[in-house]
Amino acid sequence: MSRWLLKTEPSEFSIEDLAARGEEAWTGVRNYQARNFLRSMRPGDLALIYHSSCARPAVVGIGRVQSEAFPDPTQFDPESPYFDPRSRPEAPRWYAVNIAFERRTERPIALAAIKAQPALAADFPLTRRGNRLSVMPVTEAQWRAILALERVR
DNA sequence: GCCAACGTTGGC
DNA sequence: GCCAACGTTGGC
């Protein structure tokens, strides 16, 4: 089983939305490196759900990968903001996976707290300056170090 | 709202 | 294939 981190803007789709729906197709990823990570996901993998571009950037919950990667349907939908006119159905550029709600963290695990952890300061895409990757792998050690912060304070 | 950092595009 | 210009991300 692999572990991941998925960013989402809570104004677009929040952990509350995922909790309410139970499962969601994780669409709209339009970065090749992130796309490649989506494609290496397997059912049963776990993912930290992270709120970005908001007042309190934080890990807010955990999701479970429910499917293999499949072509992201929004790339073919001219009405979608994620429409990609250069992608062809016979050779899709972009992929999605289904993500199930697992649980919320007991409290938001703030980016500031994550950065303050020496174990997470180095070699973790989320805490690197200028990082824009919206799907990233998380090692078991990083996973534990982040969730250890759930009960701090 | 600002701005640094990044990925992508396109001219050459 | 290089690289400047541009648009976007995302923390603050």
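Each chain gets a letter, A, B and so on, in the order its sequence line appears, and its residues count up from 1.
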Original post:
So how far is it from A:S134 OG to A:N31 CG, rounded to the nearest 0.5 Å?
Top reply: 6.0 Å
Subject >> A:W26 CH2 to A:Q66 CD distance, which is reported to the nearest 0.5 Å >> reply: 13.0 Å
In whole Å, what is the span from the [atom1] atom of [X] to the [atom2] atom of [N]?
X	N	atom1	atom2	value
A:N131	C:dT8	CG	C1'	13 Å
A:D84	C:dG7	CG	C1'	15 Å
A:K7	C:dT9	NZ	P	10 Å
A:R30	B:dT9	CZ	P	13 Å
A:Q33	B:dT8	CD	C1'	14 Å
A:I114	C:dC12	CD1	C1'	16 Å
A:R128	B:dA5	CZ	C1'	13 Å
A:L126	C:dG10	CG	P	10 Å

Let's see if you can work this out: which of [options] has an atom nearest to the side-chain heavy atoms of [X]?
X	options	answer
A:Y50	C:dG11, B:dT9, C:dG10	C:dG11
A:R129	C:dG10, B:dA5, C:dG11	B:dA5
A:S53	B:dT9, C:dG11, C:dG10	C:dG10
A:K115	C:dG11, B:dG7, B:dA4	C:dG11
A:L111	C:dG11, C:dG10, B:dA4	C:dG11

**OP:** Look at A:R86 and B:dT9 and indicate whether a side-chain polar atom (N or O) is within less than 4.0 Å of OP1 or OP2.
**Re:** yes
Original post:
How far apart are the C-alpha atoms of A:L48 and A:T105, what are their side-chain angles, what is the distance that settles it, and do they pass the side-chain contact (heavy atoms from CB on, under 4.5 Å) test?
Top reply: CA-CA 9 Å; A:L48 299 169; A:T105 51; 5.8 Å; no
Original post:
Any donor and acceptor pair, going by atom type alone, linking the side chain of A:Q75 with main-chain N or O of A:R93 inside 3.5 Å?
Top reply: yes
Original post:
So do the side chains of A:T74 and A:W94 get within less than 4.5 Å of each other, counting heavy atoms only?
Top reply: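 No - every pair of side-chain heavy atoms lies 4.5 Å or more apart.
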